[in-house]
Each structure stands twice: as structure tokens, then as C-alpha cells.
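Note that these values count all heavy atoms, side chains included, but never hydrogens, waters or copies made by symmetry. Since this is a predicted model, take the numbers as computed values, not measurements.
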Amino acid sequence: NILIIVLILKPLQLNFLFLKTCLEMKFNNINLPLIILNLYNYSNVKNLNQFLTENKIPGIHSIDTRAITRKIRKFGSKMALITNDPNIDKAVNKINKFGAYEDTNYVNQVSVKQVENHISTNSKFKVALVDFGVKRNIIRLLNSRKCDVEVFPWNYNFNNLDLKKFDGIVMSPGPGDPKTLLGDIKGLKKCIENIPTLGICLGHQIIAHIYGGETFKLLFGHRGGNQPVKEIESGRVYPTSQNHGYAVSDKNFPAELNITHMNINDNTVSGLKHIDKPILSIQYHSEACPGPVDSEYIFDNFIDLIKEKE
């Protein structure tokens, strides 16, 4: 199983709503250990220990989170573990056995193993969702827009997908380096070139690779719910939720794609669309729950592409 270590730097802003959201949005087979310091919020209805125990989440406190953050800022994201064993050498050996983050296919651990269906009331459209680690709110937002959603494992042979059954494709977010997946993705280019497609986060990166683009590892990634992204066409800037360690490179950018959004902090590519096919994608999480919701319009744009194709 994957373990995500969440480093909390602003304890007064953390409450159980945030923790419940972590549980709601977690991938299949993922637990959320938390590194926490002096947590308190007036709205809490139970103490933190009760909440973590009920949800089987390991926790640790009295940690210098700022010192850890300085190391991450200097040396980049690192593999880590929480242990009660005082033998440091033993812990380091265990970490070394994890292997390099960029060489590990984490998607295979979080994707569904068989096809799943999520039916909408009064449905008008049917969407195939490629599960690289989908969050439930993506399915909810599609259902709320009258889309039945059929979820497929990431390594499904999409050469066998009956495109006549579907109005669109969504390529979900997920963990890890997209390059670890490319050799096992079958038939996706044929699919996305024939019906409207929306890519989110990892799905966005894979679309770039499909057309010959490149991705690169960020030093410590884009994390948090206030990453500023500029929509190039309108000039409007949106606060966005982001949690990724890789980005699409604007060097040797594919001629078939246009850049639609940029991250203002570092000018990395945050959105793209195909020049003449109904394909669009974003690097950030427009489905983020509890927010910000400013970018949920991307789902409406996707539905517009479906309607135009009818």
C-alpha cells in the first residue's frame, strides 16, 4: 500500500473538515499518516486522537515541521517513513529498498482492477473515465452534469473500446511520473482523437506525451489550494488546487497542441488544447473538494465539446 505523509505547517487552519476531505478524496488502498504540530480549532467536535484512531490513521506530533520543509525546499521531495524504531540505519535501509520515486509505477496500486459504472439520474451522456487514481468528486461532477461514467483500469486495452457507446473520455489525475506508464498505455491516442477528451493532472501530462511532448520533475512540486493559474485567452487568473511533482515542458512543445494556461509562480504549463480536435487538459485540480471551485468551469467546457460533437 502507498503511504502519503502530510506535512502540516499552519496548525490553526487545520480542522476535521480538512481531515474528512483527505479521507474522502484518498485513492484506493492509500492510508494517510499525518505529521502534525499543536493542532487546535474551535469548530472541532472531538479531539484529534479520537479522530485518527477511528479512521485508522497513524500520527506523530512534536516534530519540527519547518526544519523538514527547509530540507524539502533545498533538496526536493524525498522518500520517507514514520517509525518508532530508534535504529536509524535500519530505517535508512528500509527507505533505500523503496526504490526511486520516479522509477515506481504507483498508478497500478491505486487504479481500479475492473470496469466500474456510476450512473447519473436523467443522464444524457456517457463518459469513459481512465482511472490513473481518480477522486470521487470527479465522478460526482460528471454525474451532476448528466453523465453516466464508466471507469476503466489505467492499463485497459483501449483499442477494444467501443467508441460508439461513449460521448467523451476523461483521463484522471494520479500519482507518480507519467513516463512509467507510457509503455503500457494501449490505444488511447485513437480514442482521444475521435471523441471529446478532458485530461486532469496526470491525464494532462499523458496527453502531452501522446503528442510527443515532454514532462520533467519539479524540485518539490506544486502543493496547496492557492496556486495562481492564468488563462491565456482571457487573461483571468484563478486560484487553483495543485498536488503534483511533474509538469509538462514548454520546450519543443508539440505543434498539434496549444498552451491555454500557465502557472504564474514559475511559468510552467498548466493547460493545453489540441489545435483542431476536441481535446483539452489542465494540470490543476478543478474538482478539488472543498475548493477552490473557480475552475469547475472546465467540466462545463468539456460538456460543451460533447454537445458540439453531437
Side-chain angles (χ1 to χ4, degrees), residues 115-132 134-152 156 158-173 187-208 210-211 229-238 240-241 248 254 256-262 269-289 291-310:
V115 177
E116 296 180 357
N117 283 282
H118 299 267
I119 306 302
S120 169
T121 56
N122 302 317
S123 61
K124 293 179 62 178
F125 312 110
K126 187 166 185 178
V127 170
L129 191 150
V130 186
D131 180 16
F132 297 112
V134 68
K135 293 183 287 185
R136 294 177 189 172
N137 203 42
I138 292 177
I139 295 172
R140 283 197 205 96
L141 290 171
L142 290 169
N143 284 162
S144 71
R145 287 161 173 80
K146 300 182 178 181
C147 296
D148 289 342
V149 180
E150 193 164 342
V151 182
F152 291 86
Y156 181 85
F158 289 94
N159 287 307
N160 299 328
L161 189 69
D162 184 0
L163 296 179
K164 295 178 182 178
K165 290 175 52 179
F166 298 96
D167 300 292
I169 293 178
V170 173
M171 297 169 62
S172 86
L188 262 182
K189 184 174 184 179
K190 179 199 73 172
C191 294
I192 69 175
E193 290 197 326
N194 283 280
I195 57 177
T197 299
L198 169 64
I200 303 173
C201 198
L202 183 61
H204 155 84
Q205 297 166 9
I206 290 173
I207 288 174
I210 285 174
Y211 287 98
V229 166
K230 181 178 181 178
E231 184 181 54
I232 294 174
E233 184 176 8
S234 67
R236 184 175 177 179
V237 176
Y238 296 89
T240 67
S241 175
V248 174
E256 294 170 275
L257 304 177
N258 286 331
I259 297 173
T260 58
H261 298 74
M262 298 292 291
V269 177
S270 289
L272 56 83
K273 66 178 180 181
H274 197 281
I275 58 174
D276 57 17
K277 297 184 184 300
I279 301 170
L280 58 89
S281 68
I282 53 172
Q283 178 62 78
Y284 48 94
H285 295 281
S286 58
E287 80 289 350
C289 181
V293 297
D294 305 58
S295 298
E296 280 188 9
Y297 72 89
I298 293 294
F299 288 91
D300 298 320
N301 291 354
F302 172 59
I303 298 301
D304 289 341
L305 290 179
I306 290 176
K307 291 177 179 178
E308 292 170 6
K309 188 74 173 178
E310 288 182 320

Can you confirm whether [X] sits close enough to [Y] that some side-chain heavy atom of one is under 4.5 Å from a side-chain heavy atom of the other?
X      : Y      : value
Val130 : Phe152 : no
Asn143 : Val149 : yes
Val229 : Val237 : no
Tyr238 : Lys230 : no
Ile192 : Met171 : yes
Leu305 : Leu280 : yes

Nearest-0.5 Å distance, [atom1] of residue [X] to [atom2] of residue [Y]:
X      : Y      : atom1 : atom2 : value
Tyr284 : Asp294 : OH    : CG    : 10.0 Å
Asn194 : Lys277 : CG    : NZ    : 7.0 Å
Lys146 : Asn122 : NZ    : CG    : 6.0 Å
Leu142 : Leu129 : CG    : CG    : 6.5 Å
Ile298 : Ile303 : CD1   : CD1   : 12.5 Å
His285 : Asn137 : NE2   : CG    : 12.0 Å

| request: Tell me, with the steps shown, if Phe299 and Ser286 meet side-chain contact (heavy atoms from CB on, under 4.5 Å). | output: CA-CA 8 Å; Phe299 288 91; Ser286 58; 3.2 Å; yes

| Does atom NZ of Lys189 have more than 12 heavy-atom neighbours from other groups under 6.0 Å away? |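 More than 12 within 6.0 Å, yes.
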
| request: Please test Tyr211 against His274 for ring pair (Phe, Tyr, Trp, His ring centres under 6.0 Å), starting from the C-alpha separation and ending with a verdict. | output: CA-CA 10 Å; Tyr211 287 98; His274 197 281; 5.1 Å; yes

| message | Applying side-chain contact (heavy atoms from CB on, under 4.5 Å) to Ile200 and Ser172, what does each step give before you reach the verdict? | response | CA-CA 5 Å; Ile200 303 173; Ser172 86; over 6 Å; no

| said: Restricting to salt bridge (charged side-chain N to carboxylate O under 4.0 Å, His left out), what partner residues turn up for Glu231, sequence neighbours left out? | reply: none

Is it true that a side-chain atom of [X] and a backbone atom of [Y] form a donor plus acceptor pair closer than 3.5 Å?
X      : Y      : answer
Thr197 : Ile195 : yes
Ser123 : Phe125 : no
Thr260 : Lys273 : no
Asp148 : Lys126 : no

| request: Could you list the residues that satisfy side chain to side chain donor-acceptor pair (under 3.5 Å) with Asp167, not counting sequence neighbours? | output: none

